[in-house]
Amino acid sequence: MSQNAVQTILNHRTYRHFKTGVPLPANHLQTIIDCARQAPSWMNGQHYSIINITDPNLREQIVALQPSNPQIGTCSTYLLFIADLHRADLSSQAYEGNFTAAGDPDSLITAITDTALAAQNAVIAAESLGYATCFTGGIRLIAPQLTELLSLPKNTFPIVGLCIGTPDIQMPLKPRLPKETVYSENHYPDDETLSDGLEQYEKTMTAFGEAREKFPFREKFARYYSNTYAPENIPLLKKQGWLNNLK
């Protein structure tokens, strides 16, 4: 049964366990794709592509590359959202443009923003139809392999995957950061407000007791941002035509 958009958004939770052998009806998949395609975009450029991984062998290859995300292999539908300036390149060629701005950082930001908006529309549509969803941002860690597996042309880059299916377990609604740490009026919040909110939220999340979390909330990010992840993506981005105008 479908829900209205506000109910759907406020009830969002991530599911990583899906019932197998329960395909999405074609009309539901079409609705999800149509909603993704209706997302706002810069200059109506729609700077993204959506690839539905329907080949079981290809799905298995992606799971093998992303063993920490086994739900990629069990969900009913797995969509990959690709930041895409390739069509913009073809448009440029049609009118003899030089396409030099594609190498600017702002072009990457534009394409990623368009891609994220389309992906979020897909989540809202899927959940309003009664399905469970899970984003898999870890695909960026295997971007070089995906670029080859999916035959991605220049000026494209895989941003996020989306699992859609029927949940196999129930998930509680996860608490969010205190409002004052993410919302303010007219100026950015001061560090005391942010630090107090982060400390409060860490206690909240510790009490919530999510099994997959190994460290307290702030420590998790202290550890994450103390390392460099996927350094091979920098040369890959440049090879794919992104960020080439950086000084």
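Side chains included, hydrogens not; waters and symmetry mates left out as well; all remaining heavy atoms used. None of these values were measured; they are calculated from a predicted model. Numbers here are sequence positions counted from 1.
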Novice: Over 60° means perpendicular and under 30° means parallel, so tell me whether Tyr229 and Tyr224 are parallel, tilted or perpendicular.
Specialist: parallel
Novice: Tell me whether the rings of Phe221 and Tyr225 are parallel (<30°), tilted (30 to 60°) or perpendicular (>60°).
Specialist: parallel
Novice: Decide yes or no on side-chain hydrogen bond (donor to acceptor under 3.5 Å, both in side chains) for Glu127 and Thr133, but give the supporting numbers first.
Specialist: CA-CA 7 Å; Glu127 293 182 0; Thr133 66; 2.6 Å; yes
Novice: When Phe157 is tested against each of Leu108, Asn233, Leu146, Leu85 for side chain to side chain contact (heavy atoms under 4.5 Å, CB included), which residue passes?
Specialist: Asn233
Novice: Counting only N and O atoms by type, is there a donor-acceptor contact under 3.5 Å from the side chain of Arg223 to the main-chain atoms of Arg218?
Specialist: no
Novice: Mind listing the closest non-hydrogen atom pair of Tyr131 and Ile164 along with its distance?
Specialist: CB-CG2, 3.8 Å
Novice: For residues Gly161 and Tyr78, report the shortest heavy-atom separation together with the two atoms involved.
Specialist: CA-OH, 3.5 Å
Novice: Can you check whether Pro189's main-chain N or O pairs, donor with acceptor, with Thr193's side chain at less than 3.5 Å?
Specialist: no
Novice: With no hydrogens and no angle check, is any side-chain donor or acceptor of Gln240 less than 3.5 Å from a backbone partner on Thr156?
Specialist: yes
Novice: Is it true that the side chains of Asp114 and His47 contain a donor and an acceptor less than 3.5 Å apart?
Specialist: yes
Novice: Say whether, by atom type as modelled, one donor and one acceptor occur between the side chain of Asp104 and the main chain of Asp106 under 3.5 angstrom.
Specialist: no
Novice: Measure across Gln71 and Arg16 and return the closest heavy-atom pair with its distance rounded to 0.1 Å.
Specialist: CB-O, 3.3 Å
